[in-house]
2 protein chains.
Amino acid sequence: MTKDIEQRLKSKNIKPTAMRLLVLDFLMQQNTAISLNDLEKGMGPSDRITLYRTLKTFEEKGLVHHIEDGTGTTKYALCMEECDDHHHHDLHVHFYCNNCKETFCLPNTKIPQISLPEKFRSEEMNLVIKGVCDRCNPG
Amino acid sequence: MTKDIEQRLKSKNIKPTAMRLLVLDFLMQQNTAISLNDLEKGMGPSDRITLYRTLKTFEEKGLVHHIEDGTGTTKYALCMEECDDHHHHDLHVHFYCNNCKETFCLPNTKIPQISLPEKFRSEEMNLVIKGVCDRCNPG
DNA sequence: CTAACTTTGCAATAGCATTGCATCACAATT
DNA sequence: AATTGTGATGCAATGCTATTGCAAAGTTAG
Ligand SMILES: [Mn+2]
Ligand SMILES: [Mn+2]
Ligand SMILES: [Zn+2]
Ligand SMILES: [Zn+2]
């Protein structure tokens, strides 16, 4: 149902254009975080910059979040929490597989509370764990 | 004492060239992590690429570690733990100040143990906290 | 001194992120 | 229905950082 997708955009105050419907549809099919390149290759022929700005818009509106996994290439994934245009609260851990080079959201693995030194105030946290993912692990 | 610095290089199996002595000296004067640009500006006139490779060498030998703080620019800082050419164990937290834009090592703030989902195996961890640093915090 | 190896400097390239601007699509207004 | 304003899109250009190739200079061992 494209209605679903359209509704999801509207609920985040994003105008549901054709391009945006396609991008969101594509994002919903992923089970790993993807790069702008991945998006470009995965979609039909479309302008890279428009895709870039679509992702930016989605992020601003709290529909996707970006992940800096240490590869130098920003990855994007749908938000699972109730993010909005004012706050992202992605306190889940991200995982980068050294073997298959995929980046995962681990929505059920939360970043624990950290007690910082005196007078440091935390506003955001980003924890990336690198290793071998479930699919690449034998056994 | 330049002898000190020289010894520190030798103990990590790094040949103490003039350039490397200067770079290490500079690094030891910092109390935040610095970028290649910072290094270039902070040093006398010197070749950017040589500085880049010097940092790479230092990192390979376990003298410095790099930090991806999410700004897109890699930062470097001296290792405090007993890293060697085979293993970095920087399980401390890094902090990026949204106000002064500096990146800090918090050597006394360790990354807690995280229990990952079934079959995910951890090899490295990187936790960056963003917020306001002690120097930028009133009170 | 010579030969082998390492470090340095300069030039070039590769990648990704980001911006400017003109055009297009759409929806509200008259 | 024509007008007009706003946002979305497409294309070109740029900026910035990381990275590599190669030749010159420096260092060390025999
Ligand atoms: Mn995520
Ligand atoms: Mn550190
Ligand atoms: Zn994997
Ligand atoms: Zn600060």
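Every chain is numbered from 1 and lettered A, B, ... according to where its sequence line falls, protein lines coming before strand lines. We use all heavy atoms of the structure for the numbers below, so side chains are in, but hydrogens, waters and symmetry mates are not.
- The side-chain hydrogen bond (donor to acceptor under 3.5 Å, both in side chains) contacts involving residues 126-139 of chain B comprise nothing, where partners must be two or more places apart or lie in separate chains.
- Under a 4.0 Å N-O distance rule, the pair R121(B)/E123(B) qualifies as a salt bridge.
- For the pair K56(B) and E60(B), the salt-bridge criterion is not met [side-chain N within less than 4.0 Å of a carboxylate O].
- As rounded to whole Å, 14 Å separates atom C1' of dT19(D) from atom CD of E59(B).
- Atom pair H66(B):NE2 and dT19(D):C1' shows a separation of 14 Å (rounding to whole Å applied).
- Sorted by first and then second residue, the salt bridge (Lys or Arg N to Asp or Glu O under 4.0 Å) pairs involving residues 24-45 of chain B (not counting sequence neighbours) are E40(B)-R48(B).
- What separates CD1 of I67(B) from C1' of dT17(D) is a distance of 17 Å, to the nearest Å.
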- Note on the structure: Protein heavy-atom contacts under 4.0 Å, written 5' to 3' over nucleotides 24-29 of chain C as B (base), S (sugar-phosphate only) or - (none), form the string ------
- Task: For nucleotides 8-18 of chain C, just jot down a letter per nucleotide in 5' to 3' order: B, S or -, based on protein non-hydrogen atoms under 4.0 Å.
- Result: SBBB----SSB
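- Here the P atom of nucleotide dT27(D) and the CG atom of L21(B) are 12 Å apart, to the nearest Å.
- Partners of Q30(A) under the side-chain contact (heavy atoms from CB on, under 4.5 Å) rule, at least two apart in sequence or in another chain, are F26(A), I34(A).
- For I49(A), the side-chain contact (heavy atoms from CB on, under 4.5 Å) criterion is met by D47(A), R53(A), not counting sequence neighbours.
- The closest side-chain donor-acceptor pair between N37(A) and S35(A), if any, does not fall under 3.5 angstrom.
- Distance, L22(A) CG to dG10(D) P: 11 Å, rounded to whole Å.
- The environment of Q113(B) atom CD is sparse: at most 12 non-hydrogen atoms of other residues, nucleotides or ligands sit within 6.0 angstrom.
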